[in-house]
Every structure is written in C-alpha cells, then in structure tokens.
Amino acid sequence: MVSSKGFFRANSILESMIALTIISVCLYIAILIFAQVFSIKTSAKYYTSRSSVNELFYLFDLKSDSLVFENYNANLKIEENFLNNSLKEITVEYTDSTKNTYKKVFYIIKE
Amino acid sequence: MLKAHSLLYAIYICLIISIICGGILYYFNLYNQLNNYYNRYEDLYVHNYSTVNYAIGVDLVNEDLPENIENNIKGNFTVSSFGVLQLIIANSSIETDTISSAHLVGELPSSDTAIFLSSISKPLLYSGKVEIVGNNRLPFVEIIGKVIDSKKNELKLVGSTFLNEGGLPSLNREFIKMYDDSNFKNAMSLSNDLNEDSIYFNSFFNQPSIKELTKPGVQNIVYKGNIILRGKDSLVVKKSAILKDVILFAPRIIFEEGFSGNVQAYATSEILIKKNVNLNYPSVLCVYNSTKNESSIIIQENCTVSGAIVLFGNELDDIEKNKIMVDSSGFLEADIYCTGALMLKSNVYGSIYTNRFYYRSSSSSYDNLISDIKINVKKRPSYFVPIQLLNKSKSRYGIIKRVF
C-alpha cells in the first residue's frame, strides 16, 4: 500500500499474503476449468471409438457373418435379432481401452 | 524479495490468467460444438442408411421405425411411385436436424426364364448359331432347326425346357396404370415456354412436374429428375438433348441417332429408336395399343437398351399388327414382353415373353424363327434389379439407384 502522508504503512507480509491468496484462488479456478474442458467427452480417444462403432455399420453391410463368427474381439459384443426373413437388427457394444462402452443399434438386410 | 506493490502485480497476474483461461474455454467450446455437429451428422447418416435397409427389409409396409432410445434419432420412410418403379424417401431426424435420402427400388429376384412362348404358335425354329441359357417354356419341347441360306445350324441350350399350354402370364398392373389420366393430377406444371440451352431439374423430394410440349422436338436442353414430358402427337428426342430419370408420354416417341440417356417412354402407337442409341439403366420402353391400328417398337442397329421393353394391349387376332423389331449388332440387357410378334437380331441378356417370333431376312420371312442370337439370363450383373413385368406375389426389394 502506497503511503503518501502516513495513513497506512507499507506492510509487505500482509500484501504478499493477499497476493498469494488471490493468485492461488485464480489458479484453482483455472485448474477446475481445465479439468472440465479436457474431460473424457472431448478427448480424441472418444471420437475414435465413436467412429469405429459407426465404421462397424458399414462393415456389417458388407460382410456380416465374418464379423460375428471369425474374428473374436473381446471388446466387441454383437447381438443379432432377426426381425423377419430378410431383416436383421444388430446391437453393437464396443468397449475401448478407457473402459467406456458405446452402444449402437442398426438394421441390415440379410441376403 | 517481495516488495510493496505486489497486490497490483497479483491483480495483473490474475488478469493475464483469466484472459488465457477465457481464451482456452472459448476455443474448446467451439471445438466441442464442431465435434458434436460432426458426430450428430455421422449418426444421422448411418441411421438414414439403416432406415433404407429397414424399409427394404419390411417390404415397404410399415412407415415408422421402432424408436432408438440411445441417440433420440427418429426415422421414417414414405413410398410413392415414379413410372413403374417405386421411390422410397427415408428421413432421419434428431431435434431440429433432418436428413432425407431418396432411392428408386425394384423387386428382386430376377426370373430364370429365357424364352416364354405362348402356345398359340407353331413350334419354335432356329437357324444359324443360337445360344439359349436359362429355362424355356415353349409350346413344343423341341426347338427344331431349319436351314436357311445354307448356314450351319448350331444350338446350345443350357437349362431345361418346360411345356407351356396357355398364353402369356399377365403383365404387371403398374404398366397399364401409367396410361391412366389420373396420374397427372398430382403433378405441378412447369411453365410452357421452351427455352433452349436451359437446364430443368426437379428433385425427387418434390412432386413430379409436368411439361406439356407443343413442338415435337426435344433438343439442346437438359431435363433431369422428377419430370414428366407430355407430347400431344409425337416426341422426337434428338442427340443434343440430355434426359435423365424422366418420363415421356406421347402417342409416338422417336429417339434420333446417337442419343444417350435414361428415360421411361410410354407410347400408344409407336416407339422408333434409330441407330447408335444408348438407353441406360433403368429405362422402360412401353407401347399400349388396345385399338385395331398397327403399333410397333422398332430398334435399329447398334443400340443398347437396359431395363424393360413392353408392348401390350392387343387382342390375339391382331398379333400381326403389333410388332417389336430389334435389328442386329445391338445389346439388350432387358426383359421383353410382347403380346404381338417379336423379331430379334441382337443378343438379349434377360427374359423374353412373347406370343410369336418372326424373322424377316432379305429374301423371305419366317414365322417363329430365331437366328444367330444369344439369349442369356444368367449373365446380368449381380446388382441388376429387374423391372418387374409379371404380377408375382411380393418378393424381396432391391435398391436400383439413389436419386436426388
């Protein structure tokens, strides 16, 4: 505090404590915001997993039997439900390395 | 050493930190919005494709999909008809975003009949090199060779031949519905002035639009999409016209040399296709003649037609007045249905249903004779969805193509 004609005396310790408190509160808020912004839902891994679930739809359209029976993938849980003679309803659950599961339901024509 | 004034410095530091944090927040907010937008549209596109699959799987019957609880995407589809083809419009929507796609569909599977000849005729004769792959239904089991111009006769038959006691199977009802005037009630009219060098496009998401043509010529103009062209007396389509997915209606329709396009042509007295014309998939050539006048479909040399060729409506007494004449060096990847007489000089990859064949060479003409041609039903591409000629019970559907 600036002292001009002797109202307040300079008191460095109090000042530096207040300064430190303000800086630490600011940093605390900043870290909270960072934690929110860099969450799981915004990581690249999340979008990669969602894209791979969408990719499964196109793969199923091309070669559904080999996906179900041949390549056994522990992360992938596939459920086929035959609605009638030519239509399958497929529920796919994909678990990625962050242990989050993504679920998707779609329809495929059965040849 | 901390000195006085450090409060001021602290406030400066807070200000800088807050500006940096605010900047990062804003940046990541935009990044999130963009990613959510991409993800939402990706899910919508996958759901739309899945909706089209569902529509085909339930044979175009139900109109709404069971609701998807995970993403809140709602889907539904509508079915209408465009010519003799069916049109599916599939919509997927989530809150305020909607995606639509339109597809032309037809009925699978293709039949395995190569020749279906009705039993009012004499036995089928052949001359020259004839190859028939597919099952035949003929009035007499044997195909007899006849020597013409001292050519060597060679017959290759792959497939069985069955006896056929009756007439032709009845034609798909969609064909005769096309000649009904109530078809044009729903359509909007385009303005009637014919501007040359202009492009007319009508999306399949709208109602079909009709253009009544006063002059018979169609040249130097582009018509694409959901458009019906109607001529009062005749329509002459020249090489400079570009037609894609349109329907033509006129008593006489003529395609000039060199034309290439994709049309459904419905006539009542004559369709004439000159040399070197390509009618791409899916094209339909149809003549309906229920009067006592003559009618014909004439396809000259070196033409390719992919789709269906139909001539119907006449009584059995008038077979000689209704003819389909196909000249040599052409290629027909189509099914042919003729209640009159058919002369074939080009190869056909498809099924043929006719009341009678005939063959006219330079010297003479013969009844029920086929000469020097190949008829092969197995050689169509695996994605080929045939245009259904017969009234079969509903079988599976397949996508012909996507339209816009």
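In what follows, every chain begins at residue 1, and chains take the letters A, B, ... in the order their sequences are listed.
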(request) Can you tell which part of I29(A) gets under 4.5 Å to a heavy atom of chain B, answering side chain, backbone, both or neither? (result) neither

(message) Is it the case that atom CD in E79(A) sees more than 12 heavy atoms from other parts of the structure closer than 6.0 Å?
(response) no

(request) Let me know if F106(A) has heavy atoms under 4.5 Å from chain B in its side chain, its backbone, both or neither. (result) both

(request) Can you establish whether the number of heavy atoms outside Y37(B) located under 6.0 Å from its atom OH is more than 12? (result) no

(message) So which residue, I56(B), V52(B), D43(B), ends up with the most heavy-atom pairs under 4.5 Å with chain A?
(response) D43(B)

(message) Does F162(B) have more than 12 heavy atoms from other residues, nucleotides or ligands lying within 6.0 Å of its CZ?
(response) yes

(message) Looking at every heavy atom in both N53(B) and Y107(A), which two are closest together, and how far apart are they?
(response) ND2-O, 3.1 Å

(request) Nearest 0.5 Å please: distance from the CD1 atom of I22(A) over to the CD1 atom of I17(B). (result) 11.5 Å

(message) Taking NZ in K401(B) as the centre, count heavy atoms belonging to other residues, nucleotides or ligands within less than 6.0 Å. Is the count above 12?
(response) yes

(message) With a 6.0 Å cut-off (strictly less than), is the heavy-atom count around CZ of F82(A), excluding the residue itself, greater than 12?
(response) yes

(message) Looking at L34(B), I'd like to know if its CG atom is crowded, meaning that more than 12 non-hydrogen atoms belonging to other residues, nucleotides or ligands lie closer than 6.0 Å.
(response) yes

(request) Indicate the atoms forming the closest heavy-atom contact of I109(A) with G57(B), along with that distance. (result) CD1-N, 3.6 Å

(message) At a heavy-atom distance under 4.5 Å, which candidate from V46(B), I11(B), T51(B) has the highest pair count against chain A?
(response) V46(B)

(request) For residues Y58(A) and Y49(B), determine if any side-chain heavy atom of one lies less than 4.5 Å from a side-chain heavy atom of the other. (result) yes

